[in-house]
Amino acid sequence: MNNIQVMNRAADNIRILAASMVEKAKSGHPGGAMGGADFINVLYSEFLQYDPQNPKWVGRDRFFLDPGHMAPMLYSQLALIEKFTIDELKQLRQWGSPTPGHPEVDIMRGIENTSGPLGQGHVFAVGAAIAAKFLAARTGNPTFDKETIYTYISDGGIQEEISQGAGRIAGHLGLNNLIMFYDSNDIQLSTKTKDVISEDTAMKYRAWGWNVIEINGNDCEQIRNALTAAKAEEKRPTLIIGKCIMGKGARKEDNSSYECNCKTHGAPLGGDAYKNTMINLGANPEDPFVIFDDVKEIYAKRAEELKNIVSARYEEEKAWAAANPEKAAMQNEWFSNTVPKVDWTAIQQKANDATRNASATVLSALAQQVPNMICASADLSNSDKTDGFLKKTHAFVNGDFSGAFFQAGVAELTMACCCIGIALHGGVIAACGTFFVFSDYMKPAVRMAALMQLPVKFIWTHDAFRVGEDGPTHEPVEQEAQIRLMEQLKNHHGQNSMLVLRPADAEETTACWKLAMENTDTPSALILSRQNINMLPEGNDYSQAAKGGYIVASSQENPDVVLIATGSEVATLVAGAELLNKDGIKTRIVSVPSEGLFRSQSSEYQESVIPANAKKFGLTAGLPVNLLGLVGNNGKIWGLESFGFSAPYKVLDEKLGFTAENVYKQVKSMLA
C-alpha cells in the first residue's frame, strides 16, 4: 500500500486538476469531483486491474461512472495513468475535444460508458456484471470469474427511480462481482439532500440483499478496507456508502471554507475563491495544470504492479485456451463483433401467424445457434413471445448463470440499461422484449444505446390499437412515430442511429430478424403484431426487405396508384388492391419495414419503388406522420389521430377504417 500522505496528495492533485478544468472552461461541476477524488485515486492506484498496453483486454476490471457531470474527476484520474494529456484536460467542453462535458465511451482511453441521465450508468454496471457471470459459465475461462465491475453513483443516481430496479436485480442475482461506491455528500444542485430525501439508504440496499459498508469517503485507509472487504464478498454485490465532502478543500474569496456548498456543485469556483482553493490544495494558481512528482511515482509503481498482475492473468488465460481450443476460438469470435452464423433458410414459419409468434420461432433458432446471446423480458415472456428463446434455455438465478435468459421483472428501463451494460462489456449479444406501448419507459435507454452505437435488439410486441380490449392505455399510437425519429437521427459516424423494423407478415419477420442480427453498428428494434396477419401474395421476394422498402408480389406494371404501408397494414392494402383491381385501377403495393434503411438506398432505387410523381396512398395504424416522408404531398395517408379505444380488434378495424373496403373508398376518392 502507498504512503497515506502521498495518497492524500494524489487526491488533492485530482481536485486541483478537476477544479482547474472547470475554471478554464468557465463551465462545469467542480464540487462533486473534488469530493470523490479520494475514492477514485485509491481505486486506480491500488485495486483496479487492467492492462495499460491492451485497454480492450476482455478480463479487465471495468469502472462505470454514473454521474457524468463528474467528468473532470474521471479525466483527471485518467491523466494520472497517461490516458489524457494536460493539454487535453485544458480543453474540457470545447469543440472537438476528447474531454466533453460528460464522458463518452472510449475504451482506448479508459472510459467504459457514456454517462447519460443520472441513474443509467450504474445500471450499465449491473448489466456488465451479468455479462461477466454469463461468460464465465459459458466459456469456463477463469479470467471472467476474476473480473470486478466497479461503479460510482451520486445522490442523484440513488434518487432516480431506476436505482430501485438495479438494486433489486443485482441483489436478487447475487452479483458479488459488482462493487458500487455511493458518494453521499448531502449536497445537490439546488438544495441539500435533506430537503428531498429522508430514507435509510443502507437499510434499503440491505433489504435488497446487498453487502453494505459505511465509511468516511475521504479517508484513504477506510476506502482501502472497504474495497478489500468488498472484493472478498462471495455472495452479494457491495455498496460502499462514502460520506464525502462536496468541494473538499475549496475556499471562498475571504478564504473561509467553501465546502458542503451547493454553489460548488455546478459552477466554477471563480476569481479569488479559485485562487485560494488552489493555494489551499498545494497548487500554483498561475500554473495549476501539473501532476506532482510523488504522484507520478505512485502511478509508475502501479504500472509495474499491473505488468505482473496482467502477466499472471494472461498465463492463466493461455493455459485455459490451450486446454479448450474450441472455446477459445469461440470467445475470440464473440469479442470480434462479427455477425453470428445462423441458418436462416431452415427457419419455417407458420402461415398467417402473428409476427410476435413468428419472432418466437426465430428466437428459438437463435437460442440454439447463437451461444453468446442473452434475451430478456420485463415479465412478459409468454406474451411478447421471447419465451421462444426461453424454452430452449433457462433463466439466470442466483448462483447459476449457465442459462441465457434474463427475467428482469416489471422494470422496462432497468432491463434496457442492463442490456446496454451487457453490450458494453463485450462478447455478448443482448436482446430484450416488452409491449410496444411500454417503450415509453425505455426511451432514455434507447437513446443512450443509439448514442453509444450498441447493437442491442429491442423487441416490441402488441404494436397498435389492435391490442383491443386492453384499451387506450395499452394501445400504441404515437410510439412508432417517436421511435422512427431515431432512424432519421444520425450518430457521430453518419449512420442512421437506429434500425427500426416493422415486418408485414411471418416470413418478413424472419427477414427483419436477419437484418437485426447482421446489424452490429447500431441498436435495432422489431415492432411486432399481437394479432394474426395474412401472408403477402405468393412469390413475394422477402429478401428485398434488406433494402428497407420494396415492391410486393402481385403489384402491377404502370400503376395508377402506389399503396404504401408497414407491418400488418400491408396485408390490408393487398386486400384493398384486389377491390381496386376489379374496377380496373392498377396498383403497386410497397412494404417499407424500415424507412431509414430505404432512405439509405440509392435515389434511383427509391424512385423505382416509389416514383416521385406517382399518386400515393399510405395506411398506418399510428400517426399519419409515420408515412409522410414516403407519401409526401402527392397523396393521402389514412392513420389514427387519436388515442385508441377499448373493443375487440376486428371491431376497431371496422370503426377506425382499417379495412380493404376503406382502402378502396379512400383511393377512389383520391383518384376521382
Compare all side-chain heavy atoms of [X] with those of [Y] and state whether any distance is below 4.5 angstrom.
X: Phe335; Y: Leu135; answer: yes
X: Pro288; Y: Leu17; answer: no
X: Ile40; Y: Leu74; answer: yes
X: Phe84; Y: Gln91; answer: no
X: Thr151; Y: Phe124; answer: no
X: Lys133; Y: Asn177; answer: yes
X: Val6; Y: Phe292; answer: no
X: Asn337; Y: Thr520; answer: yes

Any cation-pi pair here, Arg62 with Tyr150, using under 6.0 Å and within 45°?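 Here Arg62 fails the 6.0 Å and 45° test against Tyr150.
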Just by distance, no angles: are the side chains of [X] and [Y] close enough, under 3.5 Å, to form a donor-acceptor pair?
X: Tyr152; Y: Asp183; result: yes
X: Glu317; Y: Thr143; result: yes
X: Asn211; Y: Thr238; result: yes
X: Asn519; Y: Ser524; result: yes
X: Asp254; Y: Ser256; result: yes
X: Gln188; Y: His265; result: no
X: Tyr274; Y: Ser20; result: yes
X: Lys252; Y: Asn276; result: no
X: Ser27; Y: Arg93; result: yes
X: Tyr299; Y: Asn41; result: yes

Do NZ/NE/NH1/NH2 and the carboxylate oxygens of [X] and [Y] come within less than 4.0 Å?
X: Lys243; Y: Glu214; value: no
X: Glu88; Y: Arg109; value: yes
X: Asp38; Y: Arg15; value: yes
X: Glu199; Y: Lys204; value: yes
X: Glu304; Y: Lys301; value: no
X: Glu46; Y: Arg302; value: no
X: Arg9; Y: Asp294; value: yes

Interatomic distance, [X] atom [atom1] to [Y] atom [atom2] [nearest 0.5 angstrom]:
X: Phe134; Y: Ile374; atom1: CZ; atom2: CD1; result: 4.5 Å
X: Glu253; Y: Leu269; atom1: CD; atom2: CG; result: 9.5 Å
X: Leu48; Y: Leu227; atom1: CG; atom2: CG; result: 10.0 Å
X: Lys146; Y: Gln49; atom1: NZ; atom2: CD; result: 8.5 Å
X: Met448; Y: Leu424; atom1: CE; atom2: CG; result: 9.0 Å

Between Arg60 and Asp51, is the side-chain contact (heavy atoms from CB on, under 4.5 Å) condition met? List the steps. CA-CA 7 Å; Arg60 70 187 181 277; Asp51 184 353; over 6 Å; no
Assign the ring pair Phe144 / His425 to parallel, tilted or perpendicular, where the plane angle (0 to 90°) is split at 30° and 60°.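 Tilted, since the angle between the ring planes falls between 30° and 60°.
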Between Trp210 and Tyr205, what is the ring plane arrangement, given parallel below 30°, perpendicular above 60°, and tilted in between?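 Trp210 and Tyr205: perpendicular rings.
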Does [X] use its side chain to pair, donor to acceptor, with the backbone of [Y] at less than 3.5 Å?
X: Ser76; Y: Met73; answer: no
X: Glu259; Y: Gly249; answer: yes
X: Glu286; Y: Asn284; answer: no

In this structure, which one of Asn372, Ile429, Val428 forms a side-chain contact (heavy atoms from CB on, under 4.5 Å) with Trp334? Asn372
Among Thr193, Ile241, Ile153, exactly one meets side-chain contact (heavy atoms from CB on, under 4.5 Å) together with Ile158. Which residue is that? Ile153
Using the rule given for side chain to side chain donor-acceptor pair (under 3.5 Å), can you reason through Tyr314 versus Asn54, listing the C-alpha separation, both sets of side-chain angles and the distance that settles it, and then say yes or no? CA-CA 11 Å; Tyr314 282 163; Asn54 180 18; 3.1 Å; yes
Assess whether atom NZ of Lys443 is packed by more than 12 heavy atoms of other residues, nucleotides or ligands within 6.0 Å. yes
Within 6.0 Å of NZ in Lys83, more than 12 heavy atoms from elsewhere: yes
Apply side-chain contact (heavy atoms from CB on, under 4.5 Å) to the pair Lys490 and Asn496, showing each step before the final yes or no. CA-CA 5 Å; Lys490 302 294 184 184; Asn496 298 337; 2.6 Å; yes
Could you walk me through whether Thr228 and Phe47 pass the side-chain contact (heavy atoms from CB on, under 4.5 Å) test, one step at a time? CA-CA 9 Å; Thr228 300; Phe47 285 88; 3.5 Å; yes
Would Lys457 and Cys432 satisfy side-chain contact (heavy atoms from CB on, under 4.5 Å), going step by step from the backbone distance to the final call? CA-CA 6 Å; Lys457 321 302 177 190; Cys432 58; over 6 Å; no
Are Phe181 and Phe39 an aromatic pair, judged by ring center distance below 6.0 Å?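 So the answer is yes for these two rings.
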